[in-house]
Amino acid sequence: MASLASPLVTLPLHAYRESPTAKPAFLTVKNDRHFAGHPLLSLLDKCTNTKQLKQIHAQILRGGLFFDSYSASRLFAALSLPPSSDLMYARKVFDEIPRPNIYTWNTLIRAYASSDDPAESLLIFLRLLHECPELPNKFTYPFVIKAATVASDIRVGRAVHGMVVKSILGSDLFILNALVHLYGACGQLDLAYRLFVRIMRKDVVSWNSMITAFVQGGCPEAAVDLFQQMEMENVKPNQVTMVGLLSACAKKGDLEQGRLMHSYIEKNSINLDLTLNNAILDMYTKCGRVNEAKRLFDEMPEKDIVSWTTMLVGYAKLGDYDEARLFFDAMPCQDVAAWNALISSYEQNGKPKEALGLFHEFLLSKNAKPDEVTLVSALSACSQLGAIDLGRWIHVYIKNQGIKSNYFLTTSLIDMYSKCGDLEKALEVFHSAERKDVCVWSAMIAGLAMYGRGRAAIDLFLNMQVTGIKPNAFTFTNVLAACSHTGLVDEARLLFSQMEFVHGVLPGANHYSCMVDVLGRAGLLEDAVELIKNMPINPTPSVWLSLLGACRLHTNIDLAEMAFSHLLEQDPKNIGAYVLLSNIYAKSGMWEKVSELRKLMRVSELKKEPGCSCIEVNGVVHEFLVADTSHPLSTKIYSKLDEIARRLRSKGYVPNKSQLLQLVQEEDMKEQALYLHSEKLAITFGLLSLEQSQPIRIVKNLRVCGDCHSFAKIVSQLYSREILLRDRYRFHHFKEGVCSCMDYW
DNA sequence: TTAGGGTTAG
């Protein structure tokens, strides 16, 4: 038998093919060393694709080499790792290896750590502990920690850390650096830093890991401080360090520091690779210096899709959509990320119509397909416009395309259905979601809040905690808003008082605004003022705006003027404040004060944001501004509006002019202007173009005025139509002459 | 007697 093992080693590859007499079963190994230089194994390194690897696999099986654990491990590594890996196939090969050694186990863990199923790495690690006769070694842990990092599994990460400490590998630099990275990536900056300072001989990777952790954990200042410390300790930074620091400057929007970093790179001859060049571009664009970025972009010897997308986003952020589009069109290839960058910049900059136009274009293009990120952007654009038909279509698209749902998509769907007036469907998505994180729960609570379903929102908030999900700052904003829309004062007080001490969430300015709103609406203006006085943080304009809103509701002029002046100190151009105070004066018949305010607005060149209402009919969104005559059916709409006005008057409806910002002086003009409010035009268009059975869904950019609210109530009764009107703050569901907000808004 | 850690756009 020994004589058979030896000649095999020296045979050239063709000898296998021509040697039908070879008996693999006899070729079990006596001495592994013989196989290291075996020609079949040397060929593994020359393979450029999986097909070739599979051919070698066949030869290895045929030659009996597979039963040598070294050879099997070499084959397995080639199959499971880049550049020509096929993990499914490799896994089957692994399962055939009789006694995989620690190298083979490590390779399998490593392969899964970089796959889309990193959790499998962690399961394999557990199997290794039971099945492998060798102990995990210094190579095992970095791979396992990488898997825990990618899976964001801090629990497993900490357990593995514990094992490392108990092993003899407690001071292995590779392992410690991986752990710093793990804690940083999981947002545990304290743990990362505590470990980092205890590393005795830090190398550049240790510093880079900690710098990156600070940048990605939202502490760019700390990253820059650490860099200074690194210099004092004479550790030479490399391009990875500089990428992290540029990213820190970009996050801070600190152009001066960014420039310093840029010149540091040049002075210290740090290798300017593609990634570093891209990071420099990113820093300049984020600091608003697109032209400088463009100069560097033109000089770059090599560009990739990141370079192009960075420039595109830079222009889009400045509102230069034409230039952004030019970059998009000039890109060597438009991948899904480029589409997403363009679509989301429109969507996030108040251009939801344009975003949806691009989304349509994307669907028609051949070179890429929308992914989860695209759909989240598109759904958000639908929410903004109230485009429920398209929103529903996207929901079906997600199901039909088998797109894997995630928390973001679930949250976006709930948000879209809630904001487009279909709360039932939002609830259906919520209840059918397999997994829910705090964002999913919070979105549903926000949905219920918008519809004035305060009790249901609080129930959901309690259920969420039963399932073990902890509320965050957003959850509290939403649940407090629910209380405010429903007038649940005691409940809000209790929740607010528990925030910090029971849930560990420090109340922020938003939460105080909500509480002022709750108390103020309920007429407890003194309590609201007391709360503001005792705030541990400076009251923000939104806090004063809430108080001002309450003053409007309860007509308290002194308090309103006080809130107004505080607000203007911080935000002199807050139109909302002027409008509210003007409404309060108008309500009390103080027309001189109204004129004074108007003058002040004119002097400060403040213009009220024009009211705008959207309505979707058969998948097309129609937009109406105040007194809009641009719609093709304009004439029909106005004559219908006249008819409605006549019928309304015969029912005793009188326009409520006190809601009007005093823009027109003549009494009949005032009445006219009220009739020309965008939501009335949209409702009228809805009456004309939708079937009787279809609800009229309107989205308005501003708060609905009292007159339009009464108008919608009566129309819902006179014409037997359901009207769903979403304004800036909440939903109004008009049916048979009643609104779901019970006139409490 | 095989190998490993840190980086950019959305």
Side-chain angles (χ1 to χ4, degrees), chain A residues 31-37 41 44-45 68-78 80-81 101-107 109-111 113-114 137-146 149 169 172-182 184-185 192 196 199 202-213 215-216 237-248 250 271 273-283 285-286 293 303-314 316-317 327 331 335-345 347-348 371-374 376-377:
Chain A
N31 184 352
D32 286 2
R33 279 174 198 278
H34 286 287
F35 295 89
L41 300 185
L44 282 174
D45 300 330
D68 159 45
S69 70
Y70 174 78
S71 307
S73 76
R74 288 284 308 276
L75 168 72
F76 173 67
S80 56
L81 299 174
N101 57 21
I102 188 71
Y103 174 84
T104 314
W105 282 100
N106 289 349
T107 308
I109 291 171
R110 179 185 172 193
S114 335
N137 63 15
K138 61 176 182 166
F139 294 106
T140 318
Y141 287 109
F143 298 142
V144 176
I145 296 164
K146 161 97 182 280
T149 308
L169 297 163
D172 183 280
L173 191 55
F174 277 79
I175 298 176
L176 291 171
N177 289 346
L179 283 167
V180 170
H181 179 226
L182 162 86
F196 169 78
I199 299 178
K202 302 176 185 68
D203 68 357
V204 65
V205 178
S206 321
W207 290 92
N208 290 350
S209 301
M210 197 60 231
I211 287 175
T212 310
V215 177
Q216 293 178 347
N238 61 15
Q239 67 265 44
V240 180
T241 326
M242 301 319 292
V243 167
L245 291 164
L246 285 162
S247 174
N271 181 25
D273 63 5
L274 178 59
T275 307
L276 184 51
N277 264 324
N278 285 343
I280 298 173
L281 289 188
D282 182 50
M283 182 276 291
T285 56
K286 292 240 169 78
K303 303 175 182 81
D304 67 357
I305 195 118
V306 176
S307 335
W308 285 89
T309 313
T310 304
M311 293 305 303
L312 185 167
V313 173
K317 284 241 168 77
F327 260 85
M331 283 171 91
D335 69 349
V336 57
W339 280 103
N340 290 349
L342 201 57
I343 293 174
S344 73
S345 49
E347 177 261 307
Q348 284 167 18
D371 65 4
E372 296 87 343
V373 179
T374 329
V376 166
S377 275

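Below, read A as the first sequence line, B as the second, and so on, with proteins coming before strands; counting in each chain starts at 1. Predicted model only: the values in this text are computed from it and were never measured.
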Checklist line | Closest to side chain of A/S344, choosing from B/dG10, B/dT8, B/dG4 | finding: B/dG10
Note to self: Taking any heavy-atom pair under 4.0 Å as a contact, classify A/A337: base, sugar-phosphate, or nothing.
What the structure shows: base
Check: Stacking here means centres under 5.5 Å and planes under 30°; does A/F139 stack on B/dG4?
Finding: no
Item checked: Residue A/Q216, side-chain heavy atoms: nucleotide from B/dT7, B/dA9, B/dG4 that is nearest -> B/dT7
Check: Which is true for A/S73 with a 4.0 Å heavy-atom rule: it touches a base, it touches only sugar-phosphate, or it touches nothing?
Finding: base
Next item on the list: Report which part of the nucleic acid A/I211 touches: base, sugar-phosphate, or nothing (heavy-atom distance under 4.0 Å, all strands).
Entry: nothing
Notebook entry, point to check: Does A/N278 get its side chain close enough to the base of B/dA9, under 3.5 Å, for a donor-acceptor pair?
Noted result: no
Check: Out of B/dA9, B/dT7, B/dT2, which nucleotide sits closest to the side chain of A/I305?
Finding: B/dA9
Checklist line | Per-pair stack call A/Y103 and B/dT2, 5.5 Å, 30° | finding: yes
Notebook entry, point to check: Can A/T374 and A/D371 be counted as having a side-chain donor-acceptor contact under 3.5 angstrom?
Noted result: yes
Next item on the list: Check every strand shown and say whether A/V373 touches a base, only sugar-phosphate, or nothing at a heavy-atom separation below 4.0 Å.
Entry: nothing
Notebook entry, point to check: NA contact type, A/T212, heavy-atom cut-off 4.0 Å: base, sugar-phosphate, or nothing?
Noted result: sugar-phosphate
Margin query: What is the distance, to the nearest angstrom, from the CZ atom on A/F35 to the P atom on B/dT2?
Written below: 17 Å
Notebook entry, point to check: Between A/R110 and B/dG4, is there a side-chain N or O to OP1/OP2 distance below 4.0 Å?
Noted result: yes
Next item on the list: Using only heavy-atom distances, decide whether a donor-acceptor pair under 3.5 angstrom links the side-chain of A/D172 to the base of B/dG4.
Entry: yes
Next item on the list: Test for a donor-acceptor pair under 3.5 Å between the base of B/dT2 and the side chain of A/N106, counting only N and O atoms.
Entry: no
Next item on the list: Under 4.0 Å between any heavy atoms, over every strand shown, what does A/N277 touch: base, sugar-phosphate, or nothing? Just pick one.
Entry: nothing
Next item on the list: Would you indicate which nucleotide in B/dG10, B/dT7, B/dT2 comes nearest to any side-chain atom of A/A341?
Entry: B/dG10
Notebook entry, point to check: At under 4.0 Å between heavy atoms, what does A/D371 touch on the DNA or RNA strands: base, sugar-phosphate, or nothing?
Noted result: nothing
Check: So what does A/D203 touch, heavy atoms closer than 4.0 Å: a base, only the sugar-phosphate, or nothing?
Finding: base
